[in-house]
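Each chain gets a letter, A, B and so on, in the order its sequence line appears, and its residues count up from 1.
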4 protein chains.
Amino acid sequence: MTAQLARSGRGRRPADEVRRDALDAAARLLLEQGVAGVTYDRVAASSTVSRTTLYKWWPSAAALAAEAFFTASEPELELVDTGDVRADLRAQLGAFADLMLRSPAGPALRGLIAAAQSDDAVLAALQEHYVRPRRRIGGAALERAQQRGQLAAGVDVQVVVDQIWGACYYRLLTEPDTVTTGYLDALVSQALRGAR
Amino acid sequence: MTAQLARSGRGRRPADEVRRDALDAAARLLLEQGVAGVTYDRVAASSTVSRTTLYKWWPSAAALAAEAFFTASEPELELVDTGDVRADLRAQLGAFADLMLRSPAGPALRGLIAAAQSDDAVLAALQEHYVRPRRRIGGAALERAQQRGQLAAGVDVQVVVDQIWGACYYRLLTEPDTVTTGYLDALVSQALRGAR
Amino acid sequence: MTAQLARSGRGRRPADEVRRDALDAAARLLLEQGVAGVTYDRVAASSTVSRTTLYKWWPSAAALAAEAFFTASEPELELVDTGDVRADLRAQLGAFADLMLRSPAGPALRGLIAAAQSDDAVLAALQEHYVRPRRRIGGAALERAQQRGQLAAGVDVQVVVDQIWGACYYRLLTEPDTVTTGYLDALVSQALRGAR
Amino acid sequence: MTAQLARSGRGRRPADEVRRDALDAAARLLLEQGVAGVTYDRVAASSTVSRTTLYKWWPSAAALAAEAFFTASEPELELVDTGDVRADLRAQLGAFADLMLRSPAGPALRGLIAAAQSDDAVLAALQEHYVRPRRRIGGAALERAQQRGQLAAGVDVQVVVDQIWGACYYRLLTEPDTVTTGYLDALVSQALRGAR
DNA sequence: CGATAAACGAGACGGTACGTCACGTCTTGCC
DNA sequence: GGCAAGACGTGACGTACCGTCTCGTTTATCG
């Protein structure tokens, strides 16, 4: 009855608890310091999880950062459907550009896309939890518009998705200063004109 | 005791010679091992230039890699003007996608775009020596088509540039496997339809 | 679904079987890789015994190595008594030096003596299963010689034991290259001269 | 006048200063915690020297400990020559046994001899800075006695050295409790009787 | 034209991070 | 209940780079 209340920290713990701990710390570091700030060392230091365990669960620090990011911000992006395609797309695109340019999530996401160029695990996570879901949402909205007759029947909606969001991403990655309200307007108008 | 066979390499040397040496080594490393392979240490080891000097001339290893890349492949991309906009754009886009997907320059360029997300020097170099020149070339071709009446007068050609190349870049960075011949066809067609 | 082909190894097993298994694996590792090669992890990996069980039975990996060594090579050392003390001692000493210098048991034993300097369990095992038994055998031989009048009556035979084997051990531990045939001859002669 | 007196610590420093710093810290750790307490990590943490530098200068933590020990206690052991060999040897042996059994240097030295069994750099240092110098001193004393006619002419003094110190080392390493005053007396007497 | 200052090479130094290994602790699921 | 399997925190190892700093050498420049 000597009361060994003090949890030493060693020994096995529930995997979920450990993973959540690590992801929380990683998400915090990611938003505060960018992808480069998420290292195995720092995540271990700012959580209860040991480096050894981090290595066991994630193939790279960037992969950990990616999972942390996508776990923390899963739902985020919905596209309201008011019936007015142009307005809906423009609103969503504006919110997205705002996120990228004015919230800490922007640099984080840019950093993850960057990391994906040399880290297959990050690329896979990016595709699975980010790129493809958003592509589906945008595509679905355009398809609904197509069924309403607002878009031409033969148009490949995925191409239109790229011409709106892909173009925007490209500017955000290479010339972020040029992503203005006017540019976003033109982007949506031009894309819809081609699809009408 | 006249022969000074052993060129020690020490002492002052013409700056240009030194810079060229460093850039050559950096370019080689970049193409062979990617951006991450270009470190001050390795460039110094595989050239006659010392780390001290590298630090003096370039703010980061990635910046050195960028300059090496753009110096080595300055002219590269021209856009032939046959009068047939669609064909010209399609040809250029195809050559570009090929470069990105099937030559060592592809990973290098992807890596540089990635590095630019966390390295302002790289971003600046990328904009100055790569993004803007190519944007100008593409824009000029579209303007010529516009003057020939092949494109509507009010269209912002830079938006069209983004809808072709920007969209393509986005796929190359996030879902490279989906960049197929058919996709490129659709991209050009769709963009031109919107600009007609 | 009768066949229980897969012997899972789990569940309770006879303690002796488990211990023998562990000791066998430890002995193998000890002879092949030295004391440092005997770790709980490696013994568990190269036997059917789990780490949990190893920790339960042995206070340290070196202690396990020690027990493995002494269990495997208990009888080993006999000292033939032909009546000629000098020849008998010299023969035994030669065999011992040979063992230490030219068999895998040599490094193992040197390693155990080393481990004993910072591991009381190893020291205790070493004394009980190695040092004292051999000291008894050598002492008994010398006492027989003493009773035959070949050694002076007042001589402390344990001191003579040290002056032969102890001296030899010291050289084997600190200057193994200097343990030559001539040295062993001189050692025995000198010790017996002092004891005559 | 912001006074940037604060030495950043980075950059090159005189090699001797660095080495001395490291050796000081290592010596302290060695005496306080034994050989196992001297790790690259701890030496770096308790000195101004970085781990990288320690790895550059010493092949193993034990080798660093060895150099620290021998640098700190170079002269130590002299053997006074009063003309009475027996008394001189006995006095020196007593002082040595005392050092080994009752000072922090004892465990340190035992640990270094142990480390030498699996670390050639330690073995070499031990031989060069400890074993051979002391063997020379003891041998020289015995040779002087030999020239004075106190020892027989044909006796190999190095064998006598082993029979005194070697025997003592062996007991100190394997049965330290048995190294008593009486034992040391017997050791010297017995060895000298054999050499008379 | 010779002395001087600038630029260079070599490379050590304090750090941070990586990826691995072993230790000792602890939990879960078989048998 | 005892065992295997195996995850966990800890701490050490050895390596790669980074950015800083020192030293000695060589060369361009200027007195």
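Between the CG atom of B:Leu54 and the P atom of E:dG11 there is a distance of 15 Å, rounded to whole Å. Going from atom NZ of D:Lys56 over to atom P of F:dA16 covers 12 Å, rounded to whole Å. Summarising the geometry, the separation between CZ on A:Arg20 and P on F:dA7 is reported as 19 Å, rounded to the nearest angstrom. For the pair B:Arg51 CZ and F:dA16 C1', the interatomic distance rounds to 11 Å; values are reported in whole Å. Look at CG on D:Leu64: it is 15 Å from C1' on F:dG14, rounded to the nearest Å. Note: CG (D:Asp16) to P (E:dA12) measures 14 Å, nearest angstrom. Rounded to whole Å, atom P of F:dC18 lies 14 Å from atom CH2 of B:Trp58.
Residue order along DNA chain E, read from the 5' end via each residue's closest nucleotide, puts B:Ser47 first among A:Pro59 and B:Ser47. The 5' end of DNA chain F is approached more closely, in terms of each residue's nearest nucleotide, by C:Thr52 than by the other of C:Thr52 and A:Arg19.
Regarding contacts with the backbone of F:dC8, a side-chain N or O of A:Trp57 is found under 4.0 angstrom from either OP1 or OP2.
Residue-level contact check: C:Thr53 touches the backbone only, with heavy atoms under 4.0 Å from sugar-phosphate atoms and none from bases. Among the atoms of the strands shown, only primed sugar atoms or phosphate atoms (P, OP1, OP2) are found under 4.0 Å from some heavy atom of D:Thr48. Contacts of A:Ala61 with the nucleic acid, taken as non-hydrogen atoms under 4.0 Å apart, involve only primed sugar atoms and P, OP1 or OP2.
The base of F:dG6 is not paired with the side chain of C:Ser50 by any donor and acceptor separated by under 3.5 Å.
Minimum heavy-atom separation, D:Leu112 to D:Val122: O-CG1, 3.5 Å.
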(request) For the pair D:Asp21 and D:Thr48, evaluate side chain to side chain donor-acceptor pair (under 3.5 Å) and give the outcome as yes or no after the intermediate values. (result) CA-CA 7 Å; D:Asp21 242 51; D:Thr48 63; 2.6 Å; yes

(message) side chain to side chain donor-acceptor pair (under 3.5 Å), that's the test. Do B:Asp119 and B:Ser60 meet it? Break it down for me.
(response) CA-CA 8 Å; B:Asp119 187 327; B:Ser60 69; 2.6 Å; yes

(message) For a side-chain contact (heavy atoms from CB on, under 4.5 Å) check, start with the C-alpha distance between B:Leu23 and B:Trp58, then their side-chain angles and the critical distance, and finish with the verdict.
(response) CA-CA 11 Å; B:Leu23 290 172; B:Trp58 291 278; 3.7 Å; yes

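Using a distance-only test at 3.5 Å, with no hydrogens or angles considered, no donor-acceptor pair links the side chain of D:Glu67 to the main chain of D:Ala63. A donor-acceptor contact shorter than 3.5 Å is absent between the side chain of B:Gln117 and the backbone of A:Ile113.
Atom CG of D:Asp41 has more than 12 neighbouring heavy atoms from other residues, nucleotides or ligands inside a 6.0 Å radius.
A heavy atom closer than 4.0 Å to some atom of DNA chain E occurs in C:Thr39, C:Tyr40, C:Asp41, C:Arg42, these being the qualifying members of residues 26-42 of chain C.
For D:Tyr55, the listed nucleotide lying nearest its side chain is F:dC13; candidates were E:dC8, F:dC3, F:dC13.
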